[in-house]
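In what follows, a structure is listed as structure tokens, so that the remarks can point back to it.
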There are 2 protein chains.
Amino acid sequence: MPTANTSSHSARWARRETTEAVEDYVKAIYTLGQRDSPVTINAIAARLGVSAASASAMVRKLDQRGLAVHPAYGGVGLTDAGEHVALEVLRHHRLLELYLAEALGMPWDRVHEEAEILEHVLSDELEEIISAKLGHPTIDPHGDPIPARDGKFHEPATDSFADLGAGAQGVFVRVSDSEPAMLRYLSERGISPGDSFEVVERQPFGGPLFVRFGSEVHVLGGDLAAAMRAEVRR
Amino acid sequence: MPTANTSSHSARWARRETTEAVEDYVKAIYTLGQRDSPVTINAIAARLGVSAASASAMVRKLDQRGLAVHPAYGGVGLTDAGEHVALEVLRHHRLLELYLAEALGMPWDRVHEEAEILEHVLSDELEEIISAKLGHPTIDPHGDPIPARDGKFHEPATDSFADLGAGAQGVFVRVSDSEPAMLRYLSERGISPGDSFEVVERQPFGGPLFVRFGSEVHVLGGDLAAAMRAEVRR
DNA sequence: CTCTTGATTATGCCATGTCTAAATTAGTTC
DNA sequence: GAACTAATTTAGACATGGCATAATCAAGAG
């Protein structure tokens, strides 16, 4: 006959005072803010696959909880607390990706979605253990930095392949939102995050790119090129 | 403007058609059934820390979903499907415990609660990888069997220390419900799951037991003795 | 100054799971 | 076999968390 109103939800969330959805929103705001500022409600809604109304409502909650700031009809930003949450989730995500791939040998096109689940559930203790096992890495195999436990850090800017011109060189960093199908397609062709490339040629009128990875030249176009992101050497 | 009614809940549960709570109930029914049959609603409620009314309602749902059977006012049992779920969760749990302890060096008094969380989230793929990494173990370090991916298996009966008499010998298997505080207490005294023991003497009137682990004799009584479970050599 | 686009409310729905209080049933005792 | 007790089940609600649609409302573009 327990008197405490301990719903299974509260039991589940007792471990952390943010829900999975809250973490996803905060993460979305953070990553969107990396590229485009200000972050719009619509962008968040699109990223998360919800209606604008829902995003608006949720962002208000984040504001009330002190995780985000959004002046009416203005851009959405994160408070320090919100950024802290975002970085923690991001850290979890990248450590997990790295661990799953390196230590467990999980194929690269799978680690993302697996990490997407586990990132919300990873305890601080386990996070620490994993980080230690990996030798406290500061960048993941994509070349993306892993946030320190509490520190901020500089997330290097990336560009979509669709925006690159001939002659651009750099490192293929990731597929935006890590579409597994695209990752798989690419890996079947020997292209993996972390690979260096050079854009050999670009067809006009939004046409495909000819990109050299190592000695092979591949043709990339359409949604694929748009989704692929590069850290460009400038 | 997505039209599909894809709530974050459904998104979360799309990965598995059972919720965390359902899995907990099924697991509780299974483990309770190991020891005492029939399994009563009250026992489930107590195990899960909810009211009997809640347990009753939930068990009805399990019945409707074809995971459990419970004749009105009768004992609760699992269907094949329910047992399948229970064994899967149990398998997850034990593999995780083993992995966390063996591969990641997490202290024993912590692995249980960590596994309690992760067991609900472990994908089949990751489960398989972990199992392989561990060499497809069939028993966990407690001495408890790890269910095969689909097979049933015999879970050896365990007895509470509180029920043992002088002269009883066996292996200390686990602390019931894995109370971390008790596990910690025991491990500080050099007693771990898997250790062999012999009951040297037992004080009458529900008094403490004197139990030899290796060469040391320890005194165990009260809730501790009641919570400790042994696989007794008969 | 209108028009379009993005943002915000106003409502409502649904799913999960829980609780308390009041029946009801089953089992035990006299 | 009536009465009592313990276990179980209903009845009735509530809280949380999140989403959607429809209809306003703000603001910058022309």
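So you know, we letter chains A, B, ... as the sequences are listed, proteins then strands, and number each from 1.
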Point to revise | Relative orientation of the end axes in the helix from C:dC1-D:dG30 to C:dC30-D:dG1, expressed as an angle to the nearest 10° (five pairs per end) | key: 10°
Expressed in angstrom and rounded to an integer, what is the separation of [X] atom [atom1] from [N] atom [atom2]?
{"X": "B:Asp63", "N": "D:dT10", "atom1": "CG", "atom2": "P", "answer": "11 Å"}
{"X": "A:Met58", "N": "C:dT8", "atom1": "CE", "atom2": "P", "answer": "15 Å"}
{"X": "B:Glu20", "N": "D:dT16", "atom1": "CD", "atom2": "P", "answer": "19 Å"}
{"X": "A:Leu32", "N": "C:dG6", "atom1": "CG", "atom2": "P", "answer": "15 Å"}
{"X": "B:Tyr73", "N": "D:dT5", "atom1": "OH", "atom2": "C1'", "answer": "15 Å"}
{"X": "B:Leu48", "N": "C:dG17", "atom1": "CG", "atom2": "P", "answer": "11 Å"}
{"X": "B:Asp24", "N": "C:dT16", "atom1": "CG", "atom2": "C1'", "answer": "13 Å"}
{"X": "A:Gln64", "N": "D:dT16", "atom1": "CD", "atom2": "P", "answer": "14 Å"}

Can you tell me which nucleotide in [options] comes closest to the side chain of [X]?
{"X": "A:Val22", "options": "C:dA7, C:dT18, D:dG18", "value": "D:dG18"}
{"X": "B:Thr40", "options": "C:dT8, D:dG17, D:dT8", "value": "D:dT8"}
{"X": "A:Lys61", "options": "D:dA7, D:dG17, C:dT18", "value": "D:dG17"}
{"X": "A:Ser56", "options": "C:dT9, C:dT25, C:dA21", "value": "C:dT9"}
{"X": "A:Ala53", "options": "C:dT20, C:dT9, D:dG18", "value": "C:dT9"}
{"X": "A:Ile41", "options": "C:dT9, C:dA7, C:dA21", "value": "C:dA7"}

Between [X] and [N], does any side-chain N or O lie under 4.0 Å from OP1 or OP2?
{"X": "A:Ser51", "N": "D:dA20", "result": "yes"}
{"X": "A:Thr19", "N": "D:dG18", "result": "yes"}
{"X": "A:Ser54", "N": "D:dG18", "result": "no"}
{"X": "A:Arg60", "N": "C:dA7", "result": "no"}
{"X": "B:His70", "N": "D:dT9", "result": "yes"}
{"X": "A:Asn42", "N": "C:dT5", "result": "no"}

Study note, to complete from the structure: On a heavy-atom basis, the closest approach of B:Phe161 and B:Ala230 is CE1-CB, 3.5 Å
**Study point:** Considering all heavy atoms, the nearest B:Leu100-B:Ala115 contact
**Key:** CD1-N, 4.2 Å
Point to revise | Short side-chain to backbone donor-acceptor contact, B:Arg174 and B:Pro193, under 3.5 Å | key: no
**Study point:** Donor-acceptor under 3.5 Å (B:Arg202 side chain, B:Ala166 main chain)
**Key:** no
Check your understanding: Does a side-chain N-to-carboxylate-O contact under 4.0 Å join A:Arg149 and A:Glu127?
Key -> yes
Review point. Got a salt bridge between A:Lys27 and A:Glu119, using NZ or NE/NH1/NH2 to carboxylate O under 4.0 Å?
Key: yes
Review point. Going by atom types only, do B:Thr31 and B:Arg47 share a side-chain donor-acceptor pair under 3.5 Å?
Key: yes
Exercise for review: May I ask you to test the A:Arg94-A:Leu98 pair for a side-chain heavy-atom distance under 4.5 Å?
Suggested key: no
Point to revise | Upstream residue (5' side of DNA chain C) when B:Arg65 and B:Ala55 are each assigned their closest nucleotide | key: B:Arg65
